[in-house]
Structures are given as C-alpha cells and as structure tokens.
Amino acid sequence: MPQQRQKILILYLSNSALDSPVKGWTLYDGTGREAHTTGDGDRAPYASGLDALLDGWRVIQFPQLIPPYPGLEYATSFQMNEFIFEKLEMIDD
C-alpha cells in the first residue's frame with residue numbers, strides 16, 4: 001500500500017521576498033529515492049522561491065525579519081532569509 005513521505009527544500013534567498021534569487025540551498029528526500037548533501041551541486045534547484053512554489057513545493061516556514069544589531073552588520077552569523085518548503089510524495093512499501 002502506498003505511503004506519503006516528505007521532501008524538504010531549504011532555500012536561502014537574497015532578501016525576504018519569495019521572488020528574489022536563491023543564494024544557497026539544501027534538499028532532504030524522505031522518500032529515499034535521492035541522496036543529497038549541502039553543496040552537492042553547482043546550480044540551485046530553482047532560481048527563486050516563487051519558482052519552487054510554481055513546481056508544487058509548499059512553504060512551511062518564512063524567515064523572521066530581524067534587523068542587524070548596530071555594529072554587527074558585517075559579522076558572520078546564520079543565513080538570513082531562510083525559507084523552508086515541503087513536498088509530499090507517494091512511495092510504495
């Protein structure tokens with residue numbers, strides 16, 4: 001009997017708008033059909049978050065809009081503008 005499995009796509013966009021360009025990404029495949037790791041490709045799977053939506057991915061988390069603390073605008077920290085998408089796919093047992 002077929003079961004649903006979740007695929008997760010994390011896109012780091014250039015700004016907080018879904019139609020802004022992708023600058024980083026990670027993909028996790030809960031179906032077991034593909035094995036990915038961070039940085040395993042030269043090209044982003046989509047040009048923007050909007051392109052992922054148009055391909056059937058669903059946004060499950062938007063980034064928090066946190067202004068930089070004064071004086072730390074150029075400090076290394078976590079990636080801003082992280083959007084998390086999911087897609088449910090059917091698999092056979």
Side-chain angles (χ1 to χ4, degrees):
M1 174 167 223
Q3 296 181 5
Q4 283 189 334
R5 293 289 186 264
Q6 184 181 41
K7 293 175 79 172
I8 297 290
L9 173 64
I10 301 172
L11 296 179
Y12 299 96
L13 305 182
S14 296
N15 60 53
S16 62
L18 269 172
D19 59 353
S20 64
V22 173
K23 64 178 188 175
W25 65 92
T26 303
L27 179 64
Y28 299 97
D29 187 352
T31 68
R33 294 181 189 134
E34 300 174 11
H36 295 278
T37 186
T38 303
D40 66 353
D42 294 336
R43 302 176 100 204
Y46 298 98
S48 71
L50 183 59
D51 289 337
L53 285 178
L54 293 170
D55 194 36
W57 289 89
R58 303 180 329 171
V59 177
I60 59 174
Q61 182 175 311
F62 284 85
Q64 292 183 353
L65 300 179
I66 304 170
Y69 188 76
L72 296 178
E73 294 88 349
Y74 301 104
T76 303
S77 183
F78 62 92
Q79 288 278 351
M80 298 291 292
N81 305 311
E82 175 186 78
F83 289 80
I84 300 176
F85 298 81
E86 75 166 354
K87 192 182 265 190
L88 298 176
E89 293 192 3
M90 300 301 287
I91 64 164
D92 295 324
D93 287 346

In this structure, would Leu50 and Phe85 fall into the same cluster of hydrophobic residues linked by side-chain contacts under 4.5 Å? yes
Practice task
Indicate yes or no: at least one non-hydrogen side-chain atom of Val22 is less than 4.5 angstrom from one of Leu13.
Solution key: yes
Within the distance-only criterion (no hydrogens, no angle test), does the side chain of Thr26 pair as donor or acceptor with the backbone N or O of Ile10 below 3.5 angstrom?
no
All heavy atoms of Phe83 vs all of Asn15, minimum pair found to be CE1-O, 4.2 Å
Do Met90 and Leu88 sit in one hydrophobic cluster, given that two such residues count as connected whenever their side-chain heavy atoms are within less than 4.5 Å of each other, even indirectly? no
Audit row: Arg58, Glu86, salt bridge (Lys or Arg N to Asp or Glu O under 4.0 Å) steps and yes/no:
CA-CA 5 Å; Arg58 303 180 329 171; Glu86 75 166 354; 2.2 Å; yes
Value for CD1 (Ile8) from OH (Tyr28), rounded to nearest 0.5 Å, stands at 10.0 Å
Donor-acceptor pair, distance only, cut-off 3.5 Å: does the side chain of Lys87 make one with the backbone of Asp55? yes
Is any side-chain heavy atom of Trp57 closer than 4.5 Å to a side-chain heavy atom of Lys7?
yes
Heavy atoms of Ser14 and Ser20 approach each other most closely as N-OG, 3.6 Å
Are Asn81 and Tyr12 packed together at the side-chain level, in the sense that at least one heavy-atom pair is separated by less than 4.5 angstrom? no
CG (Leu27) and CG (Leu11) are apart, to the nearest 0.5 Å, by 9.0 Å
In terms of heavy-atom contacts, Trp25 and Gly41 come closest through CZ2-O, 3.4 Å
* Is any side-chain heavy atom of Arg33 closer than 4.5 Å to a side-chain heavy atom of Ile91? -> yes
With sequence neighbours left out, the residues meeting side-chain hydrogen bond (donor to acceptor under 3.5 Å, both in side chains) with Gln4 are none
Taken to the nearest 0.5 Å, the spacing of Leu9 CG from Asp29 CG works out to 11.0 Å
Hydrophobic cluster membership, with links at side-chain heavy-atom distances under 4.5 Å among I/L/V/M/F/W/Y: are Tyr46 and Ile84 in one? no
